Amino acid sequence: MSFVVYLSRRSRTIRLLVFGVILVLVIYLLATYDKDTNSNFRLARLTQNLGERQVPRLITGLGNFEPKEIEDRDGPGEKGAAHHLQPSQQNDIDQSESDYGMCVACSDEISLDRSILDTRLPECAHWDYPTDLPTTSVIIVFHNEGWSVLLRTVHSVLNRTPKYLLKEVLLVDDFSDKENLKYDLEKYIEQFDGKVRLIRNSQREGLIRTRSRGAVEARGEVIVYLDAHCEVNTNWLPPLLAPIYRDRTIMTVPIIDGIDHKTFEYRPVYGEDRHFRGIFEWGMLYKENEVPERELKSRKHNSEPYKSPTHAGGLFAIDRKYFLEIGSYDPGLLVWGGENFELSFKIWQCGGKIEWVPCSRVGHVYRSFMPYNFGKLAQKKKGSLITINYKRVIETWFDEKHKEFFYTREPMARFLDMGDISEQLALKDRLGCKNFQWYMDNVAYDVLEKYPELPPNVHFGELRSVAVTKCLDTLGHGPPSLMAVQHCHGFGNNQLIRLNAKGQLGVGERCIEADAQGIKLAFCRLGTVDGPWLYDESSHTLMHRVHKKCMALHPQTSHLSLMPCDVNNAYQQWVFKPLTPK
Ligand code: UD2
Ligand code: MN
């Protein structure tokens, strides 16, 4: 009897042991399961290169995520069509244009749930993505935005995002003072049963710090930032999450379509099969460039993500913890501008990547002008505040050689006080980041093709006419346009003229040329840094080497043109007067 008990006990132990071993084996196999070897995993190319820091996840399956039904609605602005108001509404149109930089009166007549056209490449509908993508907080920071425009952003996210992936829409109010935003939003978002959360700054922080606060407060694994005047397109989120799922150091960026600020027409930004990426010129203005062959060819399908040196700033997805680990944004950046470069240089140089995702499209309203001021934070004018931000960024991330290009293009930046960047330099050190030359050689290798190394300025400052003590001025016009002389105001800007060692006369990012009509502000020829001008310091003449004539001011009409050179004519004499920092 006791022998039988002994035997059965023993066999139970063996059975338990065998079962345990099998269990451990199954868990091990699941945890180390390599998704790339799964032939069903159609994103194999898209998401390979498992980063070292990748936490293995259990794949629970693949899903297509495409909506089951086509949005078929009729009404103003539906299918992304332009909506035109009546002539009798002109007052409202003008009022909202001046309050918001866009026609909020027009937006008010369009459904918050309106349909828009699917602007993606057709093949986008056929990708599968892992079903256990990370949960997401969509963070929308806002300051004095139009009610219907802000809420259409929220509705579009709720309507076009898989519920289980959307942890929350987090609205962060940057101290708005519009009545409806201040008093009615809490009530409005009650209908969303906690899916939409609202927090408010107790003072104006600017968009950069407000975004960093959003990251701290968010509850999702991934955070996605949107401006408060966006509409997300069909199945926009899974393609942004998939690259991050495989490598948490990838930041992903949707393709930004345009929403017209007057009619709210939703328009694809460019032909669906042409791809652009973010670069910059040496004054740190953001530019887009057609993606180089080298990068395009590294992919199998035209709808796959591609690497980009930088991004426009507003719309992107990033692993929340990763964003916090790399210090989110430099807290020394003020209000608006430059944060897109700061984050991009930091990500690339410190081991991460930026990918633009053609299958994710989001519409954005580009305003006619910036309707808000920078509040108490800005002791200075908007322009110099943005340049200070650029200076912090380049002083942290550029090397000596490339910093010089920035100061050549923005000579007054040398005199601006950028505050203390020692924390940023320490962070760079701590994260073991690569240098700027590495970034230029390996990531932003198309920048120099468009914006070559800048020769130093031989002169810069106001260009004063000796005859009338007035200064050459763009009058704030864009190119192509005639230039003129104006009262010298000493602030630079439209009167800050630079002559470089290769004869190029520039103002801001533009060039000064001459033709039969006169002296003109022109687009600089991409890829060139030379020009026709020769300044003679003894006679003070500015000669155009091709036409062999000199820049002259008409004594009566003040018209500027090229005239046969006459060194004794005061109307052909110009002096570069250095500007003093203000
Ligand atoms: C672009 C970016 C923007 C930001 C900016 C540079 C896109 C489409 N837009 O300018 O996201 O990166 O460049 O910094 O890439 N806001 C605040 N507080 C402020 C000012 C603005 O919360 O003090 C909000 C504003 O309501 C909006 C967002 O920040 O939701 C971006 O501002 P914007 O739309 O005026 O910037 P934008 O699109 O001209
Ligand atoms: Mn915007």
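Each ligand, and each atom within it, is numbered from 1 in the order the structure gives. Heavy atoms only: backbone and side chains are in, while hydrogens, waters and symmetry mates are out. Every value quoted in this text rests on a predicted model; they were computed, and no experiment measured them.
Of the options E339, H311, R211, the smallest heavy-atom separation from atom 11 (O) of ligand 1 is shown by R211.
Those atoms of ligand 1 that come under 4.0 Å of a heavy atom in H364, given as number and element, are 8 (C), 38 (O). Under a 4.0 Å criterion applied to the non-hydrogen atoms of E145, ligand 1 contributes the atoms 25 (C), 26 (O), 27 (C), 30 (O). Close contacts of ligand 1 with A228, meaning ligand atoms under 4.0 Å from a residue heavy atom, involve 30 (O).
Relative ring orientation between F405 and H402 is described as perpendicular, the plane-to-plane angle rising above 60° on a 0-90° scale split at 30° and 60°.
Remark: aromatic rings of F280 and Y451 are distant, center separation not under 6.0 Å.
Under 4.0 angstrom from ligand 1, the non-hydrogen atoms of V141 come from both its backbone and its side chain. Counting heavy atoms under 4.0 Å from ligand 1, residue V172 does not touch it at all. At a 4.0 Å heavy-atom cut-off, ligand 1 does not touch E205 at all. Residue-level proximity to ligand 1 for M370 is absent, since no heavy atom of it falls below 4.0 angstrom. Neither the backbone nor the side chain of F374 comes within contact range of ligand 1; no heavy atom lies under 4.0 Å.
W336 NE1, 3.2 Å is the protein heavy atom nearest to atom 36 (O) of ligand 1. The protein heavy-atom contact nearest to atom 2 (C) of ligand 1 is G314 N, 3.7 Å.
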message = Apply ring-ring contact (aromatic ring centres under 6.0 Å, His included) to residues F264 and H83 and explain how you reach the verdict.
response = CA-CA 7 Å; F264 279 72; H83 178 53; 9.5 Å; no
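Taking 2.8 Å as the criterion, H229 counts as a coordinating residue of the Mn ion (ligand 2), since one of its N, O or S atoms falls below it.
Between the CZ atom of F316 and the CD1 atom of I354 there is a distance of 9.5 Å, given to the nearest 0.5 Å.
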